Each structure stands twice: as C-alpha cells, then as structure tokens.
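If you're wondering where the values come from, they're calculated on a predicted model, not measured in any experiment.
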Amino acid sequence: MQNMHKILMKHQFTDARDVCIEWCADFGKMTLDLKIEHQPIVSPFLMLDFLASLPNYDDRFGKTGITDPLQITSEFVVTMSLVTGNGFRVYAYRPGWPENSPLQLEFIEVANNKES
C-alpha cells in the first residue's frame, strides 16, 4: 500500500470549517483515495482547491501532465470517504454553457462503509 499524506485545507473566504484530508495517489492503479477527517462533509470549493493543488504536493502529477482537477478526475478513479462512513466518487466537469464556465464537482455516493 502506498503512503498516505495529510493536508489541512483552510477556508479563507467563507464560514465553513477547515478540513483535514488524508490522501493517497496510486499511479499504477490510477486511483486517488481521499479520507476526510473530523468533518461529516466537505465544501466542493475546498475540494476543487485541493485537487488543483495536488501537483504542488506530489511531483508525479506534473511529470505525467495530469495537473488540473478535470484531468485528475478523468484519469484517476477518485474516491472520497467521510467520517460517517459514506463513500463517494468525485468527478470534475465544466458545464457546456455558458462558455468558459468554472469547473464544478459532482459527488456520487457509492457505498456506506460504516460498520454497525
């Protein structure tokens, strides 16, 4: 198993709580596993910032040319698990209209991993 990394993502312009993200990128399997610590939810804006900043924390992204959230979620299976045990696939997309729309994120629930 690959090493997990941690980063504290801080909100600067909102009242939302800061979020600690534990993550592991496996370039062999093309998976990116994210674990959100201490919070039951994460802001999509904060997650976009995290995905955009990944090349600053792991030079393998730059070496492969996978450097923005749209590329990362297209090339990798990105999964996010919350402290509640809920799991999600994470997708970035750019709406087709209006042109030059900002990137958006979609979280699709895939499993409830919480043990009873």
Closest non-hydrogen atom pair, K6 against C20: CD-SG, 4.1 Å
Stepwise side-chain contact (heavy atoms from CB on, under 4.5 Å) test for V77 and K29: CA-CA 9 Å; V77 174; K29 296 179 182 176; over 6 Å; no
Contact check, side chains of V19 and L8, non-hydrogen atoms, under 4.5 Å: no
Any donor-acceptor N/O pair, R94 side chain to S101 backbone, under 3.5 Å: yes
Validation row: L34, F50 side chains within 4.5 angstrom (heavy atoms): yes
Atom pair OG1 (T73) and CG (L105), whose distance is rounded to the nearest 0.5 Å: 7.5 Å
Residue pair A25 / W23: nearest heavy atoms and the distance that separates them: N-CE3, 4.1 Å
M47 and M80, any side-chain heavy atoms less than 4.5 Å apart: yes
Flag side-chain contact, heavy atom, 4.5 Å: E37 against E22: yes
From CZ (F45) to CD (Q104), nearest 0.5 Å: 7.0 Å
Y91 reachable from L82 in the ILVMFWY side-chain graph, under 4.5 Å edges: no
Chi angles and distances behind the side-chain contact (heavy atoms from CB on, under 4.5 Å) call for V83, Q39: CA-CA 6 Å; V83 296; Q39 298 295 333; 5.9 Å; no
F61 ring center near F76 ring center (under 6.0 Å): yes
Hydrophobic cluster membership, Y93 vs V110, 4.5 Å side-chain cutoff: no
Option passing side-chain contact (heavy atoms from CB on, under 4.5 Å) with F107 (candidates N86, I41, V78, V90): V90
Nearest-0.5 Å distance that lies between atom CG in L70 and atom CG in L51: 10.5 Å
Residue pair M9, D49: steps toward the side-chain contact (heavy atoms from CB on, under 4.5 Å) verdict: CA-CA 8 Å; M9 297 296 293; D49 284 346; 3.9 Å; yes
Test applied, side-chain contact (heavy atoms from CB on, under 4.5 Å); reference residue, P55; option that passes from T67, T64, D68, I66: T67
L32/I72 under side-chain contact (heavy atoms from CB on, under 4.5 Å): CA gap, chis, key distance, verdict: CA-CA 9 Å; L32 176 60; I72 291 169; 3.9 Å; yes
Rounded distance (nearest 0.5 Å) linking atom CG of L54 with atom CG of D59: 12.0 Å
Value rounded to 0.5 Å, distance of CG in D26 from OG1 in T31: 4.5 Å
Contact summary for A92 and P69, nearest pair of heavy atoms: CB-O, 3.6 Å
For the student: nearest non-hydrogen atoms of M4 and C24, plus distance: SD-CB, 3.1 Å
D33/T79 under side chain to side chain donor-acceptor pair (under 3.5 Å): CA gap, chis, key distance, verdict: CA-CA 5 Å; D33 299 319; T79 56; 2.8 Å; yes
